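Since this is a predicted model, take the numbers as computed values, not measurements. Below, chain A is the first sequence line, B the second, and so on; all start at residue 1. Because only heavy atoms are used, hydrogens play no part in the values below, and waters and symmetry mates are left out as well, while side chains stay in.
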Amino acid sequence: MKQTWFKLICQKEQLQLLGTLNGGQSFRWKFTEAEGDKKWIGVFSDHVWVLKQTDDCILYQVYGSENSEDFYNKLLSNYFQLNLDLKEKFAEWSSKDPIFEKAASQFYGIRILKQDLVENIFSFICSSNNNISRITGMVEKLAKFYGEKICELEDQTYYSFPKIDSLADDKVESVLKKEGFGYRAKYINQSAKIIMQEGGEKWLDDLKKLPYEESKSKLMTLTGIGPKVADCICLMSLGHLGTIPIDTHVYQIARKFYMPHLPKRKTVTAKIYKDIGDHFRELYGPLAGWAHTVLFCADLKKFQTDEN
DNA sequence: CAGGTC
DNA sequence: CCTGG
């Protein structure tokens, strides 16, 4: 059966799929290229999406339900937060920071994804002291073992991200340990149990309503979630766009280009964490987390040789 | 040592 | 501390 191609009007300057989907925000997108045909395949909102980009629109297919273009456009628009005019913001951040201006000329259209809260919590528990390729494999395993099958496509089976109750099952820790999750197996299972115990869906809904500092503290009551991971979740799932997660990479960039007085350490201390965050919030303002994500993408090695 | 946390 | 490059 042939799947319909839908169309979402969106200028290339407003959204760059490469930097946005491959920048380490989500671990569920794969890029494929066959005979010059470039596509992104990924999962969000319990659907499988195939995306193609042209100069003025996103062409896409959806698997997982039968619905209207208007309905799907709204899901995409929400996921990419297209209500925010990025050209305007880039101009503003560029005027405040020449380093940003230089990075922005090459890395336009990088957006913060509005990601599902549960998926983000467990994906970023996997991220600590880990590398992107292993994190990706772990997230895929979580979906395969505990999610629901959505569809098969080009020899691949796609699954939704699991519900919390399925991750709270007593057997989960030993299964994940056997699957190579290491010490994160326990964090995942325990965090799921805590969320269920504290009210499940209600705990999650409350989290979305709280101001930044309180939602961060609440997230840190889970296991495997410290300041950095909590900030990732605040930035990417709770809409706190001023939040700047400080990992070793961001710390290196900050020390190299912005704050040469910072001491050289192998781990980011609480004071360094706060100083860097404050510096960038002072520089960029209320959407500092978004601006920092653009800088971070620009510095990733994999983009340095890519003409896109 | 890898996008930290206990 | 788990595990993989």
Are side-chain N/O atoms of A/Ser128 and A/Tyr187 paired as donor and acceptor at under 3.5 Å?
->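 Side-chain D/A pair, A/Ser128 to A/Tyr187: absent.
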Expressed as a whole number of angstroms, how long is the span from [X]:[atom1] to [N]:[atom2]?
{"X": "A/Asp231", "N": "B/dG4", "atom1": "CG", "atom2": "P", "answer": "13 Å"}
{"X": "A/Leu176", "N": "C/dT3", "atom1": "CG", "atom2": "P", "answer": "12 Å"}
{"X": "A/Ile188", "N": "C/dC2", "atom1": "CD1", "atom2": "P", "answer": "14 Å"}
{"X": "A/Glu179", "N": "C/dG4", "atom1": "CD", "atom2": "P", "answer": "11 Å"}
{"X": "A/Asn120", "N": "B/dG3", "atom1": "CG", "atom2": "C1'", "answer": "13 Å"}
{"X": "A/Met138", "N": "C/dT3", "atom1": "CE", "atom2": "P", "answer": "10 Å"}
{"X": "A/Asn130", "N": "C/dC2", "atom1": "CG", "atom2": "P", "answer": "14 Å"}
{"X": "A/Ile194", "N": "B/dC6", "atom1": "CD1", "atom2": "C1'", "answer": "12 Å"}

Of all the choices, B/dT5, B/dG3, B/dA2, which nucleotide is nearest to the side chain of A/Asp247 once you look at every atom?
->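 Closest of the options to the side chain of A/Asp247: B/dG3.
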Identify whether any heavy atom of [X] sits under 4.0 Å from a base atom; if not, whether one sits that close to sugar-phosphate; answer base, sugar-phosphate or nothing.
{"X": "A/Ser133", "result": "nothing"}
{"X": "A/Gly226", "result": "sugar-phosphate"}
{"X": "A/Pro227", "result": "sugar-phosphate"}
{"X": "A/Leu222", "result": "sugar-phosphate"}
{"X": "A/Ile135", "result": "nothing"}

Do A/Phe280 and A/His292 have ring centres separated by under 6.0 Å?
->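 When the ring centroids of A/Phe280 and A/His292 are compared, they turn out to be at least 6.0 Å apart.
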Assert yes or no for the condition that the ring centre distance of A/Tyr60 to A/Trp5 is strictly below 6.0 Å.
->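 No - the distance between ring centres of A/Tyr60 and A/Trp5 does not fall below the 6.0 Å cut-off.
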So, does the side chain of A/Arg134 form a donor-acceptor pair with the base of C/dC2 at under 3.5 Å?
->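 Checked by distance alone, the answer is yes.
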Has the side chain of A/Tyr273 got a donor or acceptor that lies under 3.5 Å from a partner of the other kind on the base of B/dG4?
->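 There is none.
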Donor-acceptor contact below 3.5 Å, side chain A/Glu69 vs main chain A/Lys7 =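 Yes; at least one donor-acceptor contact below 3.5 Å.
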Separation between NZ of A/Lys193 and CD1 of A/Ile188, rounded to the nearest 0.5 Å |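 Spacing of NZ (A/Lys193) from CD1 (A/Ile188) equals 13.0 Å.
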First of A/Tyr187 and A/Asn131 reached from the 5' end of DNA chain C, by closest nucleotide |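 With A/Tyr187 and A/Asn131 compared, the 5'-side residue is A/Tyr187.
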Candidates A/Tyr63, A/Tyr158, A/Trp29 - the one meeting side-chain contact (heavy atoms from CB on, under 4.5 Å) with A/Val43 =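 The residue from A/Tyr63, A/Tyr158, A/Trp29 that satisfies side-chain contact (heavy atoms from CB on, under 4.5 Å) with A/Val43 turns out to be A/Tyr158.
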Look at the side-chain heavy atoms of Ile, Leu, Val, Met, Phe, Trp and Tyr, link any pair under 4.5 Å apart, and say whether A/Leu238 and A/Ile121 land in one connected group.
->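 Result: yes, single cluster for both.
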Can you tell me which stems DNA chain C forms when a stem means 3 or more consecutive Watson-Crick or G-U pairs under 3.5 Å?
->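 DNA chain C forms no stems at all.
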Begin from the C-alpha positions of A/Leu59 and A/Leu51 and carry the test side chain to side chain contact (heavy atoms under 4.5 Å, CB included) through to its verdict.
-> CA-CA 6 Å; A/Leu59 296 170; A/Leu51 309 181; over 6 Å; no
Within the structure, does a side-chain N or O atom of A/Thr248 lie under 4.0 Å from either OP1 or OP2 of B/dG4?
->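 True: A/Thr248 side-chain N/O within range (under 4.0 Å) of B/dG4 OP1/OP2.
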Want to settle it: does A/Met220 or A/Pro245 sit nearer the 5' end of DNA chain B, counting the closest nucleotide to each?
->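 Final value for this comparison: A/Pro245.
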